[in-house]
J.: 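Let me begin by handing over the structure; questions about it come next.
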Amino acid sequence: MSAQKLSIAQAVRDAMRDEMRLDPTVLVLGEDVGVDGGVFRATEGLIEEFGAERVIDTPLAESGIIGLSVGLAATGFRPVAEMQFMGFVYPAINQIFSHAARMRNRTRGRLSTPMVIRMPYGGGIHPPEHHSESYEALFLHTPGLKVLVPSNPYDAKGLLISAIRSGDTVAFMEPKRIYRAFREEVPDGAYTVPMGKAAIAREGSDCSLLAWGAMTRVCLDAAEALSAEGVSAEVVDLRSLNPLDRETIFESVSKTGRAVIVHEAPRTAGFGAELAADISEHLLLELLAPVRRVCGWDTVFPLSKLEKHYLPNRGRILSAVRSTMEF
Amino acid sequence: MPKSIVYEARTERLEILDLEGKVDLELMPEVDQELALKLYRHMIRMRAYDSKALRLQRQGRMGTWPPSLGQEAVQAAVGMAMDEKDWLIPSFREPGTMIAHGVPAHLIYAHWAGDERGACYPENIRCFPPAVPVGSQWQHGAGVGLSLKLRKERAAAVVFGGDGSTSEGDFHEGLNAAGVFKANTVFVIQNNQWAISVPLSHQTAAETLAQKAHAYGVPGIQVDGNDVFAMTLVAREALERARSGGGPTLIEAVTYRLGDHTTADDASRYRDEAEVSYWEKRDPIRRLRLYLESEGLWDEAQEEDFVAEVNRWVDEQVEAFESMAPADPASIFDDMYSELPSRLVEQRELLLEEVSR
Ligand SMILES: Cc1ncc(C[n+]2csc(CCOP(=O)(O)OP(=O)(O)O)c2C)c(N)n1
Ligand SMILES: [Mg+2]
C-alpha cells in the first residue's frame with residue numbers, strides 16, 4: 001500500500017474522505033466545515049468532493065449540531081460532527097449526555113446513535129479564552145460514550161475510521177497543539193487502528209509514563225531526558241480511553257513497578273485519578289512507589305501570558321519520576 | 001367556523017443618512033453638531049485603534065484579534081447613547097462601545113494579548129468581560145435587565161451579539177425571558193453578514209433577524225448599521241423604553257465585516273471581492289464625513305490634526321498595556337474562589353516553588 005507524509009490534521013481529513021468514499025451514509029457537519037474547510041483545515045476538500053448535502057455548514061449552534069446528529073444517526077446515517085473547539089461543546093452537553101450516550105440503552109437496542117464528535121482539544125496554541133480545554137473526564141464519566149485521543153497521524157486516521165465504523169457515539173479528541181507539528185507516513189486508503197488498544201510509544205523498565213494526545217510527546221521527550229540520568233522510562237500512549245486497554249497498562253506497570261500519569265486536564269477528578277485507583281486496586285503489591293500524577297492545576301485554563309505555567313511540562317514530569325524512583 | 005388571523009406582524013427598517021452623506025430631515029434625530037462630531041471622532045479613533053491591534057498581532061505583540069473594521073457606527077452610536085448607569089454586556093467585537101462606555105482602551109488590548117487583568121475594569125464601569133462562547137451573553141443581558149428592573153434602577157442593560165449567535169439557543173432563551181419579565185434590556189445584533197465563513201443565509205431562513213422578536217412578544221427593528229444617525233435614534237428609543245420599564249427591544253443593525261473574522265482567518269477563502277467592495281462604498285465613516293463636510297463641520301485640515309492626535313492616543317494605549325508589570329504566575333489561583341481551598345493552596349505553592357527555581 002502506498003503512503004504519504006501527513007500531519008495529524010491531514011490524517012483526520014483523509015480518514016473522513018476515505019470513509020465517505022466507502023460509505024454513503026457518512027456525513028460531515030459543523031461550523032465552517034464546508035466552504036472554509038474547517039478552521040483547522042481538517043475538512044479541507046470534502047465539500048468539493050462530496051457536495052453540500054454530505055458536508056454541511058450548519059447554523060452556529062452546537063446543541064443543534066449534536067441534536068441533528070442524533071436524529072440522523074438514529075435513522076441510518078453516520079454523522080461526523082465537528083465542535084470547532086472542545087471548549088464550545090458545552091451547549092451540546094445535554095444532547096450528548098441525555099440522548100447520544102443513552103439511546104441504545106433506553107430503547108434496549110432498538111435505536112442507537114453511531115456518530116463521532118470531533119473536538120480539537122488542549123492547550124499550547126496561545127488562543128483567546130475557552131480555546132484550550134481538555135475535558136476528557138466529562139465524557140469518560142458519562143456511561144455510553146467512547147473516548148479516543150490520538151497522538152500521531154497514523155493513529156489519528158486509523159482511530160477515526162474505527163470511530164466512524166463504531167456502533168456508538170465516540171468523542172474524538174484531536175490534539176490541536178500538534179495538529180501540524182510533524183508529519184508521518186500514513187497509508188493511503190482506509191485502515192483501522194483498533195479501539196481499546198494502547199500503544200507502547202517507548203519501551204522502558206524503571207517507570208511507566210501513562211499519557212494520551214499531546215502529552216504523549218511531552219512524555220517521550222521526558223523519557224529521553226531521563227535516559228541520560230540512567231532512568232529507563234516506558235511511555236504508554238493510551239490513545240483509547242474508553243474502551244481502555246487495562247491489560248497493557250497493568251502489564252507495563254507490573255514490569256516497571258512505578259507509574260506516573262500525565263494529563264493536561266485539571267487534576268481533581270481527572271482521568272488520572274481513575275487510572276491511579278485502578279492500578280492501586282490491582283497491583284498494590286507490585287508497586288515500588290505510589291502512583292503519581294502530573295496534571296493541569298485545578299484552575300481555569302489561563303490566557304496565553306500565563307499558559308506556560310499551567311501545562312504539564314518536561315520539568316514537572318522529570319521531578320515526578322525522580323521522586324518516584326527515590327521513594 | 002371560518003379561519004381567522006390571530007397574529008400579524010411587520011418589521012420596520014430605519015435609514016436616515018444616505019451614501020452621499022445626505023440626511024432625511026424628517027427622521028433625523030436631535031443630534032446636535034457636537035454629538036455628530038463626537039461620533040465621528042470616536043469612529044476614527046476606533047478605526048485606528050483596531051488597525052493598530054492588527055499590526056501588533058503581526059509583530060507578535062497581540063494575540064488573536066477580532067477586527068471591527070466597517071462596524072464602527074453601530075458600536076459608536078450605541079456607546080454614545082448609553083448612560084454611565086447602563087450596563088454593557090458585550091460579545092467580542094464591540095471595543096467601540098466598550099471604550100465609549102468608559103472601559104480603558106489599553107485594558108482591551110491587554111485582554112486580547114492574553115492577560116486576565118485586561119478584563120478587570122475600574123469599579124465604576126458597568127461592563128461585563130467579552131463573551132467568547134458565542135451567544136452565551138444574550139442570557140446575561142436578560143438577567144442584568146431583570147436585575148435593574150427589580151432594583152428599580154432607571155437604567156438599561158445593553159447586550160451585543162453577532163448574526164451567527166442568533167442561531168444558538170441562548171439567543172432565544174434570553175429574548176424570550178426578557179419578554180416574559182419585561183426586563184430592562186436592549187438586544188443589539190451586529191449583523192455583519194458572516195459568522196466566520198458562514199453567510200447569514202445558512203443561519204436562518206427568515207428574511208430578517210429583527211422579525212424574530214415578534215415570536216417573543218418583543219418589539220424588533222432593523223436599522224442600517226452603517227448609518228450612525230439611524231443607529232443613534234433607534235438606540236435612544238430602545239434605551240428609553242428599557243429604562244422606563246417598557247421592556248426589551250431587539251435591534252438588528254445591518255452592517256458588514258470588512259476585515260477577516262479574526263487574525264487567524266482568511267476571508268478570501270470564502271467570500272467575493274465584489275461583495276466586499278459593495279460594502280466598502282457603504283463605509284460608515286465615509287458617509288458621516290460627507291455629511292459633516294456638507295454641513296461645514298469638518299475639513300481636511302481638521303482631519304489631519306485629529307488623525308495625528310488619534311495616533312498619539314493609540315500609541316499611549318499600546319505603551320500603557322505593554323508597560324504593565326508581568327502578571328504574577330500565582331494569579332492563576334488567586335481569583336478562583338472567594339477563599340482558596342486547601343488543595344489549591346498546595347498547588348499554588350508548588351507553582352511558586354517551580355517559578356523560583
Ligand atoms: C459556542 C461557540 N461556538 C463556536 C465558537 C467559534 N466562533 C467564534 S466566533 C464565531 C462566529 C460568530 O459569528 P457571529 O455571531 O456572526 O459574530 P461575528 O464574529 O460575525 O462578530 C464562531 C463560530 C465560539 N466562540 N463559541
Ligand atoms: Mg457575524
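Chain identifiers are assigned alphabetically (A, B, ...) following the order of the sequence lines, protein sequences preceding nucleic acid strands; residue numbering begins at 1 within each chain.
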J.: Can you tell me how far the OH atom of Y270(B) sits from the CG atom of D57(A), to the nearest 0.5 Å?
T.: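 Interatomic distance, Y270(B) OH to D57(A) CG, rounded to 0.5 Å: 11.5 Å.
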J.: Using every non-hydrogen atom in the two residues, find where S167(B) and P59(A) come nearest and quote the distance to one decimal.
T.: OG-CB, 3.7 Å
J.: Would a 4.5 Å heavy-atom cut-off, applied to side chains only, mark L351(B) and R316(A) as touching?
T.: yes
J.: Looking at V132(B), is its backbone amide N or carbonyl O close enough to the side chain of E129(A) to form a donor-acceptor pair, meaning the two atoms are under 3.5 Å apart?
T.: no
J.: Taking CD in Q59(B) as the centre, count heavy atoms belonging to other residues, nucleotides or ligands within less than 6.0 Å. Is the count above 12?
T.: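 Yes, because the 6.0 Å sphere around CD of Q59(B) holds more than 12 heavy atoms from other groups.
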J.: Which value, rounded to the nearest 0.5 Å, describes the distance between D163(B) atom CG and L60(A) atom CG?
T.: 9.0 Å
J.: Go through V198(B), L350(B), D170(B) and name the one with the most non-hydrogen pairs under 4.5 angstrom from chain A.
T.: V198(B)
J.: Among H126(A), R267(A), R41(A), E62(A), which residue forms the greatest number of heavy-atom pairs with chain B at distances under 4.5 Å?
T.: R41(A)
J.: Looking at CD1 of I332(B) and NZ of K305(A), how far apart are the two atoms once the value is rounded to the nearest 0.5 Å?
T.: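 These two atoms lie 14.0 Å from each other.
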J.: Which bit of E307(A) is near chain B, if near means a heavy-atom gap under 4.5 Å: side chain, backbone, both or neither?
T.: neither
J.: What part of P302(A) gets within 4.5 angstrom of chain B, counting heavy atoms only: side chain, backbone, both, or neither?
T.: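 Answer is both: backbone and side chain atoms of P302(A) are under 4.5 Å from chain B.
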J.: To the nearest 0.5 Å, how far apart are CG in L306(A) and CG in D115(B)?
T.: 7.0 Å
J.: Pick one of side chain, backbone, both or neither for R348(B), based on which atoms fall under 4.5 Å of a heavy atom in chain A.
T.: neither
J.: I'd like to know which of E354(B), H261(B), H202(B), Q347(B) tops the heavy-atom pair count under 4.5 Å against chain A.
T.: Q347(B)
J.: More than 12 heavy atoms of other residues, nucleotides or ligands under 6.0 Å from CG of D335(B): yes or no?
T.: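 No.
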J.: Looking only at non-hydrogen atoms, find the nearest pair between S197(B) and D36(A) and report the distance.
T.: OG-CB, 3.3 Å
J.: State whether the number of non-hydrogen atoms from other residues, nucleotides or ligands found under 6.0 Å of R269(B) atom CZ is greater than 12.
T.: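 Buried by this count: over 12 neighbours within 6.0 Å.
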J.: Show the numbers, then the answer: is there a side-chain contact (heavy atoms from CB on, under 4.5 Å) between I196(B) and E31(A)?
T.: CA-CA 9 Å; I196(B) 312 188; E31(A) 295 155 10; over 6 Å; no
J.: Heavy-atom cut-off 4.5 Å, strictly under: side chain, backbone, both or neither for N94(A) against chain B?
T.: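 Neither part.
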J.: At what distance, to the nearest 0.5 angstrom, does OG of S319(A) lie from CZ of R357(B)?
T.: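 If I round to the nearest 0.5 Å, the distance is 5.5 Å.
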J.: Answer with side chain, backbone, both or neither: which region of A264(B) has an atom nearer than 4.5 Å to a non-hydrogen atom of chain A?
T.: neither
J.: Tell me whether the count of non-hydrogen atoms from other residues, nucleotides or ligands lying under 6.0 Å of CD in E48(A) goes above 12.
T.: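 More than 12 heavy atoms, drawn from other residues, nucleotides or ligands, come within 6.0 Å of this atom.
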J.: Less than 4.5 Å apart, any side-chain heavy atom of W112(B) and any of P128(A)?
T.: yes
J.: For the CZ atom on R314(A), are there more than 12 heavy atoms of other groups (residues, nucleotides or ligands in this structure) within a distance under 6.0 Å?
T.: no
J.: Would you give the length of the straight line joining atom CE of M336(B) to atom CG of D298(A), rounded to the nearest 0.5 angstrom?
T.: 8.5 Å
J.: Select one option (side chain, backbone, both, neither) describing which atoms of H130(A) are under 4.5 Å from chain B's heavy atoms.
T.: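 Side chain of H130(A) only, per the 4.5 Å heavy-atom cut-off to chain B.
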J.: Quick check on S165(B) against chain A: is it the side chain, the backbone, both or neither that has a heavy atom closer than 4.5 Å?
T.: backbone
J.: Shortest non-hydrogen contact from A61(A) to E168(B)?
T.: CA-OE1, 3.6 Å
